[in-house]
Amino acid sequence: MSIEPARTRIAPSPTGHMHLGTARVALYDYLLAKKTGGQFVLRIEDTDLKRTVPGAEQEIMDGLRWLGLQYDEGPDIGGPFGPYRQTGRRDIYQAHARILVDKGHAYPCFCTPERLEKVRQEQMKRKENPRYDGTCRVIPPVEAAKRVASGEAHTIRFKIPYEGATVAHDHLRGDITTENKQLNDQVILKTDGLPTYHLAAIVDDHEMQITHVMRGSEWLGTFPLHVNIVRAFGWEEPVWIHLSVFLKPSGKGKMSKREAAEAMKDGYSIFIKDMQDLGFTPEGVLNWSALMGWGVAEDDVMTVEQMIDRFTIDSLTPSPAAINFQKLDHFNATHIRLMRTEDLAARLKPYFTREGLSVKEDVLLRIIPLIRERLTTLDDCISFGAFFFKDEVTPNPEDLIAKGLDAKQSAEIARRAYQILGAGPDISHERCEPSMRAYVEESGFSANQVFGILRVAVTGQKVSPPLFESMEVIGRDVCLRRIENAIGILEKLPA
RNA sequence: GCCCCCAUCGUCUAGUGGCCCAGGACGAAGCCCUCUCAAGGCUUAAACGGGGAUUCGAAUUCCCCUGGGGGCACCA
């Protein structure tokens, strides 16, 4: 592993919600930068004005911060290589496009979109590869320059050699050789004067001194083009790493809008903002996504610190990875169990508040040990702990009847429990559990039946944290009142 | 259609010629623990896509096939 400080970048387009894939690339960028003592840069690629979505950029920045992947340079915090928003770098790209034209590596193209479309159609009809037909490539530079100077609308195209092949080196896949005749004279500067990705990314990565470019393997198709552009400028290439892509859970294809909506119904999402709302933790999301595309031999529950420690670009894997949400659950739950009580309390509080419950800090701290190991997502705290913060609970009458018993018997058990629990000055589980167990013993009912009735009476639900510990937190008076209420309900039921 | 990439349990992966009748994790099944639900402990089932070649020896190298993925825009 190189000990040279690496400069990495995440370069998302603000065209929609921040995606899981973006988060993972950002994580790897962050890990490599931290590991080598380098910098991690956020650059916003907003050159496609038509697709830019208001608020998307903010969502990216918020998402990265939520994940804890704080960048060292970026649009909102600046840095020595700014601006970090591509629309603010227009002049830089135009100057570089000009350099390419002057060096004979690019040329102005005056073809209209209509003509291009017509050519494409004809090529398709003839079963040829759709590609630029080279009409403007042969215009003498002097004439082209004249037409440009006269203000004629044009783009700039990069000139790919007709002969030979391009060998591009990817760190995970080795040399990738492509015949130049497979390549196309791509537009690098659009009519509106803004660059396409191909020019912008290459220029920026160089200007910002990026040493390692990690990006999705969907860029493999234009990789030879990018390498040609770098070489045309005479620049040194970064280390190229084309990461595996995420596939939908079935493994068949990328996640589509439809699948994303489907996942949302099950409480999962591939959008960072949603994951936050659904109760996933940054630790869980990071750990989970880190392992899709990175082979860690064993012990795969890791903090970010541990990831930094173990990360190497050599251990990245090139094959596509199917998303597995069950594994997300696992990592999320595991990290919740690893959290300090105070930390978890602080994270749970908003979910209770969101439900309209007013949270008492001391109670919250006391229920953490009771509910922690039962949480998969943070918002599970509602189903396991909401009753701690409610004045009253409303048990389903049916649920108050223990299995194998009738309402009358259940009411009797509740009455006895009321007496036993009310007999002492407190409702500590040290006192209550032995006495209730003694009652179970002498009554002949099962612990399941007796405790079940009590559970429903006190918590209002059939599934809850441990009964006696919960009652202790709820307090003697409230518990007795709830049991009394349950007795009332049971007595009204037909025997 | 053309081009590029990928290929180990259902899923994520370890594995760089012998240490592998292939290891870990999720999930699944069973058992234990148990006041519900979890958590935890133990156990089990589960894979080198197919065919050639190289080699004393191949999951590991090479070739072909097959399968999967991605790309072929004045989108990124």
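With salt bridges taken as basic N to acidic carboxylate O contacts below 4.0 Å, none links A/Arg366 and A/Glu469. Ionic pairing of A/Glu283 and A/Arg347 is present here: one or more N-O contacts between side-chain nitrogen and carboxylate oxygen are shorter than 4.0 angstrom. The residues A/Glu412 and A/Arg415 are annotated as salt-bridged, a charged nitrogen and a carboxylate oxygen being separated by less than 4.0 angstrom.
Comparing B/U11 with B/G52, their C1' atoms are spaced 31 Å from each other, to the whole Å.
In a base pair of the Watson-Crick type (N1 to N3 plus N6-O4 or O6-N4) or a G-U wobble (N1-O2 and O6-N3), with each distance short of 3.5 Å, B/A39 is matched with no nucleotide. Base pairing analysis places B/C33 opposite nothing; no Watson-Crick or G-U wobble pair with both distances below 3.5 Å involves it. Base pairing of B/G67: its partner is B/C6, meeting the Watson-Crick or G-U wobble criterion (both donor-acceptor distances under 3.5 Å).
Nucleotides of RNA chain B nearest to A/Lys127 and A/Phe331 differ in position, and the one nearer the 5' end is that of A/Lys127. Residue-to-nucleotide proximity on RNA chain B shows that, of A/Thr178 and A/Pro466, the 5′-proximal contact is made by A/Thr178.
Atoms NE2 (A/His335) and C1' (B/C26) sit 15 Å apart, rounded to a whole Å. Put simply, CG on A/Asp314 is 15 Å from C1' on B/G15, counting in whole angstrom units. As a whole-Å value, the separation of A/Arg310 CZ from B/A14 C1' is 13 Å.
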Atom pairs under 3.5 Å: protein N/O with N/O of nucleotides 39-43 of chain B:
residue: B/A39; atom: O3'; partner: A/Arg337; partner atom: NH1; Å: 3.3
residue: B/G40; atom: OP1; partner: A/Arg337; partner atom: NH1; Å: 3.2

Under 3.5 Å, N/O pairs linking protein and nucleotides 73-75 of chain B:
residue: B/C74; atom: O2; partner: A/Thr191; partner atom: N; Å: 2.9
residue: B/C74; atom: O2; partner: A/Thr191; partner atom: OG1; Å: 2.7
residue: B/C74; atom: N3; partner: A/Thr191; partner atom: OG1; Å: 2.4
residue: B/C74; atom: N4; partner: A/Cys111; partner atom: O; Å: 3.0
residue: B/C75; atom: OP2; partner: A/Lys190; partner atom: NZ; Å: 3.4
residue: B/C75; atom: O2'; partner: A/Asp48; partner atom: OD2; Å: 2.7
residue: B/C75; atom: O2'; partner: A/Arg51; partner atom: NE; Å: 3.1
residue: B/C75; atom: O2'; partner: A/Arg51; partner atom: NH2; Å: 3.1

Pull out every protein N or O sitting under 3.5 Å from an N or O of nucleotides 5-12 of chain B, one pair per line with the distance.
residue: B/C5; atom: O2'; partner: A/Arg173; partner atom: NH1; Å: 2.3
residue: B/C12; atom: OP1; partner: A/Ala322; partner atom: N; Å: 3.0
residue: B/C12; atom: O2'; partner: A/Leu291; partner atom: O; Å: 2.5
residue: B/C12; atom: O2; partner: A/Lys327; partner atom: NZ; Å: 3.2

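Judged as a salt bridge (charged side-chain N to carboxylate O under 4.0 Å, His left out), not a single pair has a partner in residues 154-164 of chain A (not counting sequence neighbours).
In this structure, A/Arg137 forms a cation-pi arrangement with A/Tyr162, its terminal cationic atom sitting closer than 6.0 Å to the ring centre and no more than 45° off the ring axis.
Checked by atom type, the side-chain pair A/Thr135/A/Asp133 shows a donor-acceptor distance below 3.5 Å.
Not counting sequence neighbours, A/Glu179 has no partner by the side-chain hydrogen bond (donor to acceptor under 3.5 Å, both in side chains) test. Every residue was checked against the side-chain hydrogen bond (donor to acceptor under 3.5 Å, both in side chains) condition with A/Ser13, not counting sequence neighbours, and none meets it.
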